[in-house]
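To start, the structure under review is shown below, and the notes come after it.
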Amino acid sequence: MSRIIRRALFASTVATAAALALAGCSLAGATASTGGSGSATSTVYFGVSAAQTGQYAQYGEQFKQAFDLAVEQVNANGGINGHPVALKYEDSQSDPKQSVTVAQKFVGDSDVILVFGDYSSAASIPASPIYTSGKLLQYGFNNSNPDFTDKGSQYQWSSSTTTSDSYEWTADYIKKQGIDSVGVTYLNTSDWGIPAYQAFTAEAEKVGLKITAAEAVDPTSDDYRPLLTKAVAAHPQAFVHIGYGPDAAKLVTQLRAIGYQGTFYGGQDEQSFDGTPDAAGSIIGAQFIETNPDKNVQAFVTAFKKKYPDDADVTSFEAGAYDALNIAVAAAKAGGTTRAGILKGFGEITHVPSVVYGTVTFDPATRRILHPQFTPTILKDGKWVAYNG
């Protein structure tokens, strides 16, 4: 069964898992009254706020696959100091209104000691005040908007690189390739696309990379050709898209259709973009590459493909979720299996093994990881590989 077909079954599967998790609450005894584990073997619950339905459901499914694999491995190795781990899922659709409702539900569930999510910063940030008021750690492991942590509280943490990190790197890398001018498109979203574009333009000006034209685009549009025609009219040497994989897939196809053949910097390691023929040769800075020979990366890739044999690729989305679960477990082992304990643990853990970064250490002041690194990667035959060009 392919990932696309399985998506139709995803919501009902998650609902069943959530029901089983709730049933487990009654067996955990004192757990509900303590905000954490009540006995030596009671279950430790993490919440997951993610899209099970809607336009971002594919990411919710990818996260769930990686979370479930990590939970199986953690429990097979003794859980958290003897406590088994389980997840409670809620469908936010990665929509700000839904994510606030989900946050209220998780804050009211005293079994839950941490919540993963949401997929997008736009959905996570509106929910942050709810988590803060409930003293419940919100682990936005996929949230790249700097405001998630910069304007959050001690309860917002992320192992994602920021848009500033990513697009400053992109501008620097393009200039180092001997390219002097670029056309740019960016998502017209105030929470992500615009701040990312601002970070890119500031760095481009700093390093002397000329932006010949820049066009804001709607991620839900199906026709970018009028804007692209304007953007390439000045004949830029390369083209940059600041956005997600699905919109980049449509955009690069239309860019090639109007005859532009310069290098495309953009896209994501996700199914719709990777499978787009015109995306071949695209370049991005990546933290995770499935083909990385590192033994920990290959152990994860092997285990993932064994559990999900119908999935051809393992992307940064699965890797990020897998890391996030293991980082949360490390924090609970260090600080304790309560809301206060896991928050304390996040401030203490260092050099946690990571399939994305090698190891992870947080800066307690910024609640982001220290010294994130990027590897230039190019899309070849539907797979991202390290690029030394």
Side-chain angles (χ1 to χ4, degrees), residues 3-4 7 50-62 92-99 118-126 142-145 163 166-167 170 182-201 204 211-236 238-284 315-317 379 382:
R3 178 174 288 161
I4 294 176
R7 197 178 306 158
Q52 299 164 23
T53 58
Q55 65 175 323
Y56 297 123
Q58 71 175 74
Y59 300 106
E61 181 190 0
Q62 287 171 275
S92 68
Q93 297 183 337
S94 287
D95 175 86
K97 293 180 181 179
Q98 296 284 6
S99 67
D118 210 281
Y119 159 70
S120 70
S121 300
S124 294
I125 291 173
N142 197 59
N143 295 160
S144 57
N145 187 332
T163 51
S166 298
Y167 288 102
T170 301
V182 292
V184 179
T185 48
Y186 61 95
L187 297 188
N188 61 354
T189 54
S190 60
D191 62 286
W192 191 88
I194 294 172
Y197 168 68
Q198 291 170 338
F200 178 82
T201 56
I211 297 174
T212 58
E215 298 289 341
V217 300
D218 180 348
T220 65
S221 174
D222 289 322
D223 187 4
Y224 298 123
R225 286 170 295 182
L227 294 175
L228 292 174
T229 300
K230 289 172 59 179
V232 303
H235 306 290
F239 200 92
V240 177
H241 177 57
I242 298 171
Y244 300 138
D247 43 272
K250 293 183 290 185
L251 190 144
V252 72
T253 298
Q254 294 171 28
L255 187 65
R256 300 311 185 199
I258 65 171
Y260 185 78
Q261 297 302 317
T263 302
F264 184 79
Y265 291 87
Q268 288 179 315
D269 183 6
E270 59 84 40
Q271 191 173 23
S272 64
F273 190 79
D274 295 353
T276 297
D278 286 315
S282 299
I283 296 173
I284 60 173
T315 75
S316 58
F317 293 105
L379 186 61

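Nearest heavy atom pair, residue L228 against residue L255, reads CD1-N, 3.6 Å. The minimum heavy-atom distance between D269 and S316, with the atom names listed, is OD2-N, 3.8 Å. Closest non-hydrogen pair, P96 versus A122, comes out as CG-O, 3.5 Å. The two residues S94 and Y56 have their closest heavy-atom pair at CB-CD1, 3.6 Å. Considering every non-hydrogen atom in both G245 and Y59, the closest pair reads N-OH, 4.3 Å. In plain terms, the two heavy atoms of L187 and P219 that are nearest each other are CD2-CB, 3.9 Å.
Judged by distance alone, with hydrogens and angles left aside, the side-chain atoms of K250 form a donor-acceptor pair with the main-chain N or O of S221 at under 3.5 Å. Remark: side-chain polar atoms of T276 are paired, donor with acceptor, to backbone N or O of S272 under 3.5 angstrom. At least one donor-acceptor pair closer than 3.5 Å links the side chain of Q254 to the backbone N or O of D222. Judged purely by atom type and a 3.5 angstrom limit, N143 has no side-chain atom pairing as donor or acceptor with the backbone of N145. Using a distance-only test at 3.5 Å, with no hydrogens or angles considered, a donor-acceptor pair links the side chain of D247 to the main chain of Y244. The backbone N or O of V182 sits less than 3.5 Å from a side-chain atom of T212, completing a donor-acceptor pair.
Residues E270 and Q58 have side chains that bring a donor and an acceptor to within less than 3.5 angstrom of each other.
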Item checked: Worked check of side chain to side chain contact (heavy atoms under 4.5 Å, CB included) between L227 and T185 -> CA-CA 9 Å; L227 294 175; T185 48; 5.6 Å; no

Next item on the list: Under the side-chain hydrogen bond (donor to acceptor under 3.5 Å, both in side chains) rule, what do W192 and S120 come out as? Steps first, then yes or no, please.
Entry: CA-CA 9 Å; W192 191 88; S120 70; over 6 Å; no

Next item on the list: Would you check, one step at a time, whether the test side chain to side chain contact (heavy atoms under 4.5 Å, CB included) holds for I194 with Y197?
Entry: CA-CA 5 Å; I194 294 172; Y197 168 68; 5.6 Å; no

Note to self: Under the criterion side chain to side chain contact (heavy atoms under 4.5 Å, CB included), I'd like the reasoning laid out for F264 against V240: C-alpha separation, chi angles, the key distance, then a yes or no.
What the structure shows: CA-CA 6 Å; F264 184 79; V240 177; over 6 Å; no

Next item on the list: Could you walk me through whether D218 and N188 pass the side chain to side chain contact (heavy atoms under 4.5 Å, CB included) test, one step at a time?
Entry: CA-CA 6 Å; D218 180 348; N188 61 354; 4.2 Å; yes

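With a 4.5 Å cut-off on side-chain heavy atoms, T201 and I211 count as touching. In this structure, the side chains of H241 and Y186 stay at 4.5 Å or more apart for every pair of heavy atoms.
Taking CD of Q93 as the start and CD of Q52 as the end, the distance is 9.5 Å to the nearest 0.5 Å. Remark: F239 CZ to Y260 OH distance equals 7.5 Å, nearest 0.5 Å. Going from atom OG1 of T253 over to atom CD1 of I258 covers 12.0 Å, rounded to the nearest 0.5 Å. Note that CD of Q261 and CZ of R256 are 5.5 Å apart. Values are rounded to the nearest 0.5 Å. One distance of note links CZ of F200 with CD1 of I242; it measures 6.0 Å at 0.5 Å rounding. Distance check: L379 CG to I284 CD1 gives 8.5 Å after rounding to the nearest 0.5 Å.
Each of S99, S124, S92 was scored for a side chain to side chain donor-acceptor pair (under 3.5 Å) with D118, with one residue passing: S92.
Ring geometry for F317 against Y119 counts as tilted: the plane angle lies between 30° and 60°, on a 0 to 90° scale.
Between R225 and D223, at least one side-chain N (NZ, or NE/NH1/NH2) sits under 4.0 Å from a carboxylate O, which counts as a salt bridge.
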